[in-house]
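Written out below as C-alpha cells is the structure these notes cover.
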Amino acid sequence: MAVTTASSLQMATGRPCLSPSNRIVKAGAGILGANSRCLSWTKLTSTSHISSLQSFQRSFTSSSVKFNKFVPKAMSGSSENQPVSGLPIDLKGKRAFIAGVADDNGYGWAIAKSLAAAGAEILVGTWVPALNIFETSLRRGKFDESRVLPDGSLMEITKVYPLDAVYDSLEDVPEDVKTNKRYAGSSNWTVKEVAESVKQDFGTIDILVHSLANGPEVSKPLLETSRHGYLAALSASSYSYVSLLKHFIPIMNPGGSSISLTYIASERIIPGYGGGMSSAKAALESDTRVLAFEAGRKHKIRVNTISAGPLRSRAAKAIGFIDMMIDYSLANAPLQKELSAEEVGNTAAFLASPLASAITGAVIYVDNGLNAMGVGVDSPIFTDLNIPGEKH
C-alpha cells in the first residue's frame, strides 16, 4: 500500500517511510535536520452536485484565464522593533508537526508556511520515496522562492522525520516492506516511533497536522472497489489520523490544536472519486467530532478538519481531471476565483491559534462557498434566471 502527499485532490498512495541517519540539510536560510524520510499523499478536493463525470467532462475545458489572487498573509503578532496593532495570529513559542509535506505547492507546505509566518517552529514528516527529492530541492534552493514569508525571511524546517502512517508500530510492518530497498538505511518511521523520536528531540509539540490520504483504487467506482482497496483507503486516510493523534497527544501541550484535511466527497457525490475514498473522508469527519470530545475532555486539545476546494497542485494534476474541477468551481461557487493553497494554510493558522480557542469538532469549508451549492448554476436550465456571474 502506498501513501502519497496531497494538496488539492485528496487521494494518495503510499508506503512506509524511512530516512538516512542524522544529516543536516541547509536550504538557503532554512536548516533541515534529516534523520528521516516520510509520507506522501495526493489531495482530491471538492465540487458540489455533478450528475455524471461524462457530462462534467463535456461541459468544461481547462480555462486559460489567469486570475489575480489577493490573499491576506498570516503573520506573527509583533517584532521587537515594530509592535502590530489589531488582532494578529501569534504562534510564537509553539511547535508544529505536519505529516505530509513532499513538495512546495500542496496544502501541507502551505499550512507549514502559514504556521511559520505566525511564529511557530516547524517539524515535518515526508514519505521516503519523496524525501530525497524533497531534501535535494531544499538544499539546492529550488524552494527558496516558495519559502519566502511575509516579513521577507525564509521558512525554516527544523527537522524532517520519516513517517508512514499506515503502520502504528514496527510489529505491524510486513517483512516485504521492512526489506524494501526504498527504505534501506531508514528507521523509526512508524507512527509510534516518530512520536517517540519527536519527544526525545523536542519534548512536546503544540500543533499536529494530518495532511495525508491514500486510495489505491481511487479511480474505480465504489461498486468495482475490492475489499482490500476499500479498507486500505480507510486505513491510510482516516485511521491514520486516529493513530497520529493517539500517539502524539501524550506529548501535546494542553490548549494545543490538531487539524486534518477532508473533502466534500464525504457528503456529496463526486464521480471519479472512488475506491472507498469518499467513505474514508466521511469517517475522518465523524472521527473529528468524536476525537474532539475525547481529546478535549482528557487532554484539553482541540480537533478540527478543513474541507478544502480544488487546487492545481502537482499531486492533484496526477489524478487527471483537476482542471475541470477548478473550472466547475469557478462557474458555480459563490466566490468566482481560484482557490490558493495559502488560503487553506491561513485557515489552519487561525484554527491553531488562541483566536480559535472555542472551536473544536468542526468541519471548516475553505472552497469559495462551493459546499453551499445545491445545483450547478452553469446548467442551461438556469439560463433565463439571469444569475450574476463572471464569464471565464
Side-chain angles (χ1 to χ4, degrees), residues 1-6 10-21 34-42 97-102 108 123-132 134 159-201 205 208-218 226-252 258 260-261 275-277 279-281 283-284 287 291:
M1 202 166 65
V3 181
T4 45
T5 33
Q10 277 197 336
M11 168 226 100
T13 25
R15 271 216 144 171
C17 302
L18 303 178
S19 88
S21 49
N35 80 8
S36 49
R37 302 217 166 196
C38 195
L39 204 68
S40 117
W41 31 63
T42 22
F97 182 88
I98 300 110
V101 180
L123 313 176
V124 304
T126 305
W127 188 42
V128 67
L131 183 62
N132 183 54
F134 181 63
K159 191 163 186 176
V160 175
Y161 289 86
L163 169 66
D164 191 335
V166 170
Y167 303 107
D168 298 332
S169 64
L170 191 60
E171 292 73 27
D172 299 326
V173 183
E175 193 61 33
D176 66 316
V177 174
K178 291 179 181 178
T179 58
N180 190 301
K181 63 181 180 180
R182 294 181 296 176
Y183 307 110
S186 299
S187 61
N188 300 324
W189 44 262
T190 64
V191 176
K192 180 180 179 181
E193 291 172 311
V194 173
E196 290 172 347
S197 296
V198 172
K199 179 180 180 180
Q200 182 177 349
D201 293 340
I205 66 170
L208 177 66
V209 178
H210 176 276
S211 176
L212 161 65
N214 174 28
E217 298 181 19
V218 68
S226 69
R227 181 183 295 270
H228 173 77
Y230 185 92
L231 295 178
L234 264 70
S235 173
S237 307
S238 53
Y239 186 77
S240 59
Y241 184 43
V242 177
S243 180
L244 274 173
L245 191 55
K246 172 184 176 181
H247 289 94
F248 272 86
I249 208 165
I251 66 169
M252 292 186 72
S258 181
S260 66
L261 291 169
M277 283 301 300
S279 306
K281 290 305 177 185
L284 180 65
D287 291 345
L291 292 171

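We count residues from 1, following the sequence as given.
- Here Ser235 contributes atom OG and Asp168 contributes atom CG; the two are 8.0 Å apart, rounded to the nearest 0.5 Å.
- Distance check: Leu131 CG to Arg182 CZ gives 13.5 Å after rounding to the nearest 0.5 Å.
- Taking all atoms of both residues into account, the shortest heavy-atom contact from Pro250 to Lys246 is CD-O, 3.4 Å.
- Test Val191, Val166, Leu212, Leu245 against Ser240 for side-chain contact (heavy atoms from CB on, under 4.5 Å) and you get one pass: Leu212.
- Taking each heavy atom of Ser197 and Tyr161 in turn, the nearest pair found is CB-CE2, 3.7 Å.
- For the atom pair NE2 (His247) and NZ (Lys199), the distance works out to 12.5 Å, reported to the nearest 0.5 Å.
- When all heavy atoms are compared, the tightest approach of Glu217 to Ser226 is OE2-OG, 2.5 Å.
- Tyr230 meets the side chain to side chain contact (heavy atoms under 4.5 Å, CB included) test with Leu222, Thr225, Leu234, Ser279; sequence neighbours excluded.
- A heavy-atom distance below 4.5 Å is not found between the side chains of Leu170 and Lys192.
- The shortest non-hydrogen separation linking Pro216 to Ala232 is CG-CB, 3.8 Å.
- Of the inter-residue distances, the one linking Leu244 atom CG with Ile249 atom CD1 reads 11.5 Å to the nearest 0.5 angstrom.
- A side-chain contact (heavy atoms from CB on, under 4.5 Å) with Phe97 holds for exactly one of Val124, Val194, Val209; it is Val194.
- In this structure, the side chains of Thr190 and Asp172 stay at 4.5 Å or more apart for every pair of heavy atoms.
- Between Tyr167 and Ser243, every side-chain heavy-atom pair lies at or beyond the 4.5 Å cut-off.
- For Ala99 against Leu163, the heavy-atom pair with the smallest separation is CB-CD2, 3.6 Å.
- With rounding to the nearest 0.5 angstrom, the OG atom of Ser237 is 7.0 Å from the NE2 atom of His210.
- Met277 contributes atom CE, which lies 7.5 Å from atom CG of Asn214 (distance to the nearest 0.5 angstrom).
- When Leu261, Leu291, Asp287 are each tested for a side-chain contact (heavy atoms from CB on, under 4.5 Å) with Tyr241, only one passes: Leu291.
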